[in-house]
Amino acid sequence: MATGAFDSTRSSPSLRSLVDRDALGALVLAASIPFLFLHERYQPALGVGVGSTTVDVRLSDLAVAVVLAAAALVAFHVGFARLRPGRALWLAGAALLGWIAFQTFRPVSLDDALFDDHLVSFLKLVEYGLLAVAVPLLVRRAYHLTIVIGGIVLWAVVAVSVALLQFFGVDIFGAWNAGWRQPSFLGHHDLAALAAVGLALAAAAIAARRREIPAPRLVAAALVAGVLGLILAGSVAAAGGLAFGVIALWAASRRRFAPGGRQALALIAIVALVAGGVTAVRGDALEDFLRFLGVRGDEPPIGVESYSQRTVLAYIGLRIAQDDPILGVGWQRSSRPEVFEPYVADARERFPDVDDLAFPAEGREWGVQNLYIQMLADAGVIGLALLLLVGAAGLVLAWRASTRAPTPWAAGAGLLALCALLTIGAEWASLGIVAGIPLQAATCLLLGLAAAGAAAGADVEV
């Protein structure tokens, strides 16, 4: 039996029903979206001295604080029962943060000249991580989900509109050359994350064969913004992750919503359109990478080429991890010259055709630029295992919500989270450990959304 993914009513919720007292928490979360998904360079900052470093408190930090305060208020009134179904996720997250805390305060990290900066990064990681806990407390009804996802989609439309202007040559918000991938007011990775959430909503609606939904125009806007956003962000990793996300979404929706051939073709078309668009936008970079691999021509690339550089940095990261496989070298220390320099000469010998500037050096601390490899280098096998455990716990919760939730909105939340988490999980493979950015905000919001759907699936209603 096909049913709606987000509500079972036949008409859209009225504006009055969306802004009642019970929805204030969801409204606060939706209002935080423009601040969470805005690059820090466009936010005013208040510098607070901490030790030998300065902590910049930005609007995004204040937004997180307000969201957490709203969640605490809800918990005070209704209790923490809604968090119980997600306890595997919370335990995995707490273990990961505990291990990173150990990595931050271990002797080799304490002696690092950048210890203060690394400590601030860890605290940012914790701050944004708490967003995942807040979401199940604030999103408890179908119209709560509509409010929050509506805020995300509308902000995605704004971000993609800016990126389109940049693509056609309007020089705003640090635009790249016309016709290339664009950052909007976010950055390429963060724009891809925001677009992925919108596109996951559209994919969930397609798989659920929705005919009457609370906000039908929301899905259309999400589809357009999601496709264009991923294309303009130009992330090959996100495009690959989307393919896996759509496959998982299709598998999770089959038993409950029984999507047919038309739905399958529509989802395939979306993936193909994104893949084709990203390939067109990143054509030069992909062609250079094929030459680097020796697949196309034998002329070496000129200058620093994105994918060959990432290959070099990943190789150095793996070499660092090989020598410290259990504990790693310490939180964010893989980008320190004294850590990576012993491996640079070997990397040059292994990749002789790569431009010299692509290799890290003092003053060019590029980092590993791959979350999973950097976690392995910084925090060892234990750190990587805990990180993957957090992701697996979130995916299990999303699957459980998709297939078992008694309410359609919770099943829809699970489908959305399942698809978007896999897309964003792939995106992290093209970025190192950077805490307190929109990409982390999107990840934590989706983990929380999966827990919110699982709470409904466990019949925890407050």
Side-chain angles (χ1 to χ4, degrees), residues 40-41 47 49-56 96-129 187 189 304 306-351 354-387 428-437 439-440:
E40 63 178 18
R41 73 168 62 101
V50 177
S52 62
T53 191
T54 299
V55 179
D56 291 329
L96 174 62
L97 292 177
W99 182 251
I100 294 176
F102 162 72
Q103 295 291 341
T104 303
F105 291 101
R106 56 187 284 200
V108 68
S109 298
L110 290 173
D111 293 337
D112 195 296
L114 295 182
F115 167 75
D116 290 340
D117 293 338
H118 298 165
L119 175 60
V120 170
S121 177
F122 168 67
L123 295 176
K124 284 275 189 180
L125 188 73
V126 175
E127 172 194 340
Y128 273 61
H189 304 291
V304 177
S306 178
Y307 294 109
S308 63
Q309 182 185 33
R310 291 184 187 281
T311 303
V312 168
L313 297 177
Y315 173 78
I316 293 174
L318 289 172
R319 287 296 309 276
I320 294 171
Q322 185 179 25
D323 288 344
D324 293 280
I326 305 301
L327 295 181
V329 296
W331 176 242
Q332 294 196 323
R333 296 194 68 250
S334 57
S335 62
R336 303 291 286 139
E338 63 268 23
V339 174
F340 65 71
E341 282 178 347
Y343 308 99
V344 173
D346 183 58
R348 291 182 190 278
E349 183 178 351
R350 189 176 182 87
F351 304 103
V354 176
D355 190 275
D356 184 69
L357 292 177
F359 293 86
E362 189 167 0
R364 298 201 307 265
E365 294 87 357
W366 306 133
V368 176
Q369 296 189 16
N370 181 306
L371 170 67
Y372 308 103
I373 295 177
Q374 185 178 352
M375 185 63 73
L376 185 63
D378 286 0
V381 173
I382 296 175
L384 178 60
L386 290 173
L387 175 68
W428 275 111
S430 60
L431 185 68
I433 300 172
V434 185
I437 60 173
L439 181 57
Q440 189 195 351

Query raised in the report: Hey, what do you get for CG (Leu97) to CG (Leu386), rounding to the nearest 0.5 Å?
Result: 10.0 Å
Query - Sub-4.5 Å side-chain heavy-atom contact between Val354 and Thr311 - result: no
Query - Exercise: identify the closest heavy-atom pair between Val434 and Trp428 - result: O-CH2, 4.0 Å
Query raised in the report: Just by distance, do the side chain of Gln309 and the backbone of Ala358 share a donor-acceptor pair under 3.5 Å?
Result: yes
Query - Any Val312 side-chain heavy atom under 4.5 Å of Arg350 side chain - result: no
Requested in this report: Check whether any side-chain N or O of Gln103 sits under 3.5 Å from a backbone N or O of Leu327 as a donor-acceptor pair, and report yes or no.
Outcome: yes
**Report entry** Note, Arg336 side chain near His118 side chain (heavy atom, < 4.5 Å)
**Finding:** yes
Requested in this report: Taking ring-ring contact (aromatic ring centres under 6.0 Å, His included) as the test, write out the residues that go with Phe359, two or more places apart.
Outcome: none
Requested in this report: Find the distance between CD1 (Ile382) and CG (Leu96) and round it off to the nearest 0.5 Å.
Outcome: 12.0 Å
Report task. For the residue pair Asp378 and Ser334, establish whether any side-chain heavy-atom pair is separated by less than 4.5 Å. Result -> yes
Requested in this report: Heavy atoms only: give me the nearest Met375-Ile100 pair and the separation to one decimal.
Outcome: CE-CD1, 4.2 Å
Requested in this report: Could you grab the distance from atom CD of Glu127 to atom CZ of Phe122, nearest 0.5 Å is fine?
Outcome: 12.5 Å
Report task. Please name the pair of heavy atoms, one in Gly367 and one in Ser335, separated by the smallest distance, quoted to 0.1 Å. Result -> CA-CB, 3.9 Å
Query raised in the report: Which is it for Leu371 and Leu387 under the side chain to side chain contact (heavy atoms under 4.5 Å, CB included) test, yes or no, and what are the steps along the way?
Result: CA-CA 10 Å; Leu371 170 67; Leu387 175 68; 3.9 Å; yes
Query raised in the report: With sequence neighbours left out, what residues match Tyr315 under ring-ring contact (aromatic ring centres under 6.0 Å, His included)?
Result: Phe351
Query - Nearest atoms (heavy-atom pairs only) where Asp346 meets Arg319 - result: OD2-NH1, 2.5 Å
Requested in this report: Determine whether Leu431 and Ile437 make a side-chain contact, defined as any pair of heavy atoms from C-beta on separated by less than 4.5 Å.
Outcome: yes
Query raised in the report: Are the side chains of Ile316 and Trp366 in touch, meaning some heavy atoms are under 4.5 Å apart?
Result: no
Query - Atom pair CZ/CG of Arg364 and Leu357 - distance to nearest 0.5 Å - result: 5.0 Å
Report task. Please identify each residue that fulfils salt bridge (Lys or Arg N to Asp or Glu O under 4.0 Å) with Asp323, with sequence neighbours left out. Result -> none
**Report entry** Non-hydrogen atoms of Gln322 and Pro325 that approach each other most closely
**Finding:** O-CD, 3.6 Å
**Report entry** Rounded distance (nearest 0.5 Å) linking atom CG of Asp112 with atom CG of Leu119
**Finding:** 12.0 Å
Report task. State, with a plain yes or no, whether a side-chain heavy atom of Ile433 is found less than 4.5 Å away from one of Gln332. Result -> yes
Query - Gap separating the CZ atom of Phe105 from the CZ atom of Phe115, nearest 0.5 angstrom - result: 4.5 Å
Report task. With the side chain counted from C-beta on, respond yes when Asn370 and Leu313 share a heavy-atom pair under 4.5 Å apart, and no when they do not. Result -> no
Report task. Provide the closest heavy-atom pair for Arg333 versus Ser109 in the form atom of the first, atom of the second, distance. Result -> CD-OG, 3.9 Å
